[in-house]
Structures are given as structure tokens and as C-alpha cells.
Amino acid sequence: MSAELILRALGFTLTATCVSFVLAALLGALVAAARRGPWAPLRWLAIAWVSVLRGVPPLVWLFVAFFGINLGQAKLTALTATILTFSLVGSAFLAEAYRSGLDSVSRTQFEAVSATAMPAWPGFSRVILPQALPVSLSAAGAYLIHLLKDTALASLIGVQELTFITNDAVQRGSNGFTAFLLLGLAYLALSVPVALAARTAEAKLRKRWAVAA
Amino acid sequence: MSTISPPVTALSVTGLAKSYGPLEVLKNVDLDVARGEVVAIIGPSGSGKSTFIRCLNRLEEPDAGTVMLDGAGLAPSLTSKELRALRRKVGMVFQSFNLFPTHTALENVVLPQVHSLGRSRQQAEARARELLAKVGLGERADHKPAQLSGGQQQRVAIARALALDPEIMLFDEPTSAIDPELRVEVLRVMRDVAAEGMTMLVVTHEMNFARQVADRVVFFADGTIVEQAEPAAFFASPQHERTRRFLAAVLEEEL
Ligand SMILES: Nc1ncnc2c1ncn2[C@@H]1O[C@H](COP(=O)(O)OP(=O)(O)OP(=O)(O)O)[C@@H](O)[C@H]1O
Ligand SMILES: [Mg+2]
């Protein structure tokens, strides 16, 4: 296996993970807003969105996106299908992460914002968000690691990411045990720093927005 | 109150009603409050006192009735802009303080001024320091709520409400969640605010405060005002059996 091949595979894994995560984070915010918004149909839609996307294995969605959408006119590349799938599935998980954060903020804080006549955005960003975000962030960090590992599924539709090239090498005669052990180590080498970074970010936020000192 | 001119009505409530499902929490409540008047609202638990004052700044939406502020009626249902205008005029102090926990005392008093009134940070900070000094917490401006005692937090909350220069202040059992020995400082601040002519509606279990500071005591039971009078008369000769029973229970507890 050439170094170039491995780097390219690493690139696919990281691209699928990072791009999906960013899109999921943005879309998830919209879903969470809809979920807590005043408009009932939107709330139901948000609930349905979360339940449906989380209630089906991501592999199935991946196949739907890749094989299903490929039948029509517009052809999705395997990588696009992967990113599309994980952005949508991720938006459901991250919407729940945001929701758990918002739910952790006492109703009385929302009342205090109202009673002091603060407009919605400053009230949210200056008062509610600092209390919600550390909680959301630990759930989101956990999901990011989950997502990193889930991108291995993309090997099944032919994205030449880390799992694909490892499997490929084994099919061509490499020692399976060593190869997959190395693959496992590679995922660990990626996920451990992510976990650390998430924890550091959370700690920083908690410090910046500490309730004491 | 030391005015000689006829009292100006600050707040006029007529026929206020509110139900939660089948539970009628407020039944046709009428109340007029003069500018600068201090009204103590007392009554048994569940009688609708909190609901009543929360209807005044629309943390709850009443089902029926009218509320007039300074002679101007409020629509039954307000836009968010109108709600904010109302809440700038009618400040509220909660039983559980409800300070913003991630912000310092100073910042708690600054934020609403900046975002609700559009004051500059500098102006807001100057006013916040002045108010914190006034409530006896000039030295504690940089403390977060968790580092303050309940009594101190409540004084910050009063400063936060005063910072918007409201016309009326609502207090919902402001000392109930505070250790008895720390209540005096909060009550002293409330007395000062009253002495400066603020119109106040105070839901309270502090009979001494009602007796000494209020201009009028209003007794709530079962969602209506059963009886109201100036404190001396109210405590000396309650007219209704329900009031007498309540006072007997409360005053006994106080002994
Ligand atoms: N959001 C709500 N939903 C349903 N019932 C409510 C709600 N808020 C209050 N109630 C009920 O309305 C009644 C009046 O409540 P309220 O809080 O106004 O009483 P209170 O006089 O302030 O009592 P306390 O002295 O205990 O604070 C109570 O029976 C209460 O359980
Ligand atoms: Mg109450």
C-alpha cells in the first residue's frame, strides 16, 4: 500500500467526517429551533425528522442516498452520498444535543430574560446559550467520534476511505489481523485527539461561562 | 406616600380572570393602584397571588379582564415589541432571584440596560455600580451569583429590575427563599425603594413588612380579593372570617 493511497484514504475519512459534522451542526440548529419554536406543525416536523433519521441504521440511509438517488437523473458520487447521509442523520443527533442543552436551562432563566425586556437574540446568546452550550457540547463531541467511526460504512459504497483500502489490501493477500489492527489504531489515533479537543473546548467554555469565580 | 395632590392611578385592573384547564385560578380580580403606592398582597398558598402579578407583566396571559398602565389599556394579546415595552415599565423580582448565573453581579445589572434600553455600556455600567452600591453590594460587583448569599442575590435582582427605571415593581415573595437572618437587608432595600416613591406590588408572607411599609394590604383567597384595607385597620379588625382564619394561622406561626 503506498503512502499516497493511505493519505488519500485518510483525506476521505476526514472530509466525510468534518464536512458532514459542520453541515449537521448547522442543520441541527434549525431542527432544534423548530423543535422549540412556537409553531406546532414545525415542531411535529422536527420531531418526525429526528425520529425517522435516528430510527433507521445509517447504512440503510447511505444505500438509499447512493443507490436510490443514483436511479434518477442526478448522480451522486459515493462521497457526496456519504456526506449527504451523515449531514442529515447527524442533524438529528445534533438537534438532540442542542435540545438537551436547552432543556438543562431552567424555565426561570427564560422568564428572567422576558421580565428584563431583553430581545430574543441577546437574551438567547448572552443568557441562555452560555448555560446550554457546555451540555450540548459534550453530547456533540460524543457524536463527532461516533460519526468518525460511522464513516467506515462509506467503504460499502466504494468510497476509498481508510476501511475500504484496508479491506482491499486484505482481499489482495495482506495479513488480515495486522491490517485491521492497524486500521483500529488509525481510528484511535483520530478519535482520541477529537475526544480530547472536545473535552478541552467544553472545559474552556465552562470556565469562560462559569457560574462561579 | 407624602403627596397632597389627588393620587394618580398607576395601574388599574378590572375583571382579571385566568384558568388552567378546569382550575379557575383568578376570578374577576379588580385592583387600582395609585402612583407611589405600596400594596402588600397576602393570602394562602395556591390562592393565585403569583398568577395575578405575573399577569401584570404578562408572564402569564390572562383569559379575560383589562389592565391599564398609566391610563393606557393593554391589548389582550401583545406583540413581542409591546411585551418588551410593558416589561420595561413593570419590573419583576422573583422568589428564586433568577439572576443570570454565568454573569457577574455587575453584568446582571448591565445586560438588560444595554439590550432592553439601548444604553451604552459605559452608561449602563455607571448606573449598575450606583445601584449595586445602593443595595449595599458595591464591593460584590464582580462576584457571580453562586458566590453570593441568597440575600445578596436578591438585592442584585432588585438592582437589575431597578436599572430599567420601571414605573412599577412587582415582587413575588422576595424573601421566602432567603435565610431569616439575611432577609432584613433585602427588606431594608425594599423599604428604601418604597420610600423613593416607587409603585410596588409585593406578594409576601412578611407580615411586618406589610404592616410597616405597605400603604394597603390586599388579601387573596381562592382566586379573588376577599378583603383590602390599610395595614393598621387590616390587621386590627379584619372583616371576613376567611381573613381572620388566615391571619390567626400566620401570626401564630410568627410568634
Ligand atoms: N402553569 C400552571 N399550570 C397549571 N396550574 C397552575 C400553573 N401555575 C399555577 N397553577 C395553579 O394555580 C393556582 C394558583 O397558583 P399561584 O402560584 O398563583 O398561587 P400563589 O397564591 O402564588 O401560591 P403560593 O403562596 O404557594 O406561591 C395553584 O393551584 C397552582 O397549582
Ligand atoms: Mg406564589
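No experiment lies behind these values; they were computed from the predicted model shown. Labels below follow one simple rule: chain letters A, B, ... track the order of the sequence lines, proteins then strands, and each chain is numbered from 1.
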Problem - A:R54 atom CZ, neighbour heavy-atom count above 12 within 6.0 Å - result: yes
Exercise for the section: Go through the atoms of B:E107 and report whether side chain, backbone, both or neither lie under 4.5 Å from a heavy atom of chain A. Expected result: side chain
Practice task
Check whether more than 12 heavy atoms from other residues, nucleotides or ligands sit under 6.0 Å from atom CD of A:E4, and answer yes or no.
Solution key: no
Problem - From CH2 (A:W209) to NE2 (B:H103), nearest 0.5 Å - result: 8.5 Å
Practice task
State, with a plain yes or no, whether a side-chain heavy atom of B:F97 is found less than 4.5 Å away from one of A:T108.
Solution key: no
Practice task
Give a yes or no on whether A:R199 atom CZ has more than 12 heavy-atom contacts from other residues, nucleotides or ligands under 6.0 Å away.
Solution key: no
Problem - Interchain contact, A:R206 with chain B, by part (heavy-atom threshold 4.5 Å) - result: neither
Handout entry: Where A:M118 and B:R84 come nearest, the two heavy atoms and their spacing
Key = C-NE, 3.9 Å
Fill in the blank from the handout: Smallest heavy-atom separation, A:T116 atom then B:L164 atom, equals O-CD1, 3.4 Å
Problem - Interchain contact, B:R58 with chain A, by part (heavy-atom threshold 4.5 Å) - result: neither
Problem - Most chain A-contacting option - heavy-atom pairs closer than 4.5 Å, from B:Q113, B:R87, B:R88 - result: B:R87
Practice task
Check each atom of B:L148 against the heavy atoms of chain A and say whether the ones under 4.5 Å are side chain, backbone, both or neither.
Solution key: neither
Exercise for the section: Compare every heavy atom of B:F94 with every heavy atom of A:E111, then report the nearest pair and how far apart it is. Expected result: OE1-CE2, 3.8 Å
Practice task
Starting at CE of B:M92, measure out to OG of A:S114 and round the result to the nearest 0.5 Å.
Solution key: 11.0 Å
Practice task
Heavy atoms only: give me the nearest A:A115-B:N57 pair and the separation to one decimal.
Solution key: CB-ND2, 4.2 Å
Problem - Top of A:P130, A:A112, A:A120, A:G123 for chain B proximity - count of heavy-atom pairs under 4.5 angstrom - result: A:A112
Handout entry: Residue pair B:T102 / A:Q131: nearest heavy atoms and the distance that separates them
Key = CG2-CG, 3.9 Å
Completion exercise
In terms of heavy-atom contacts, B:P101 and A:Q109 come closest through CD-OE1, 3.4 Å
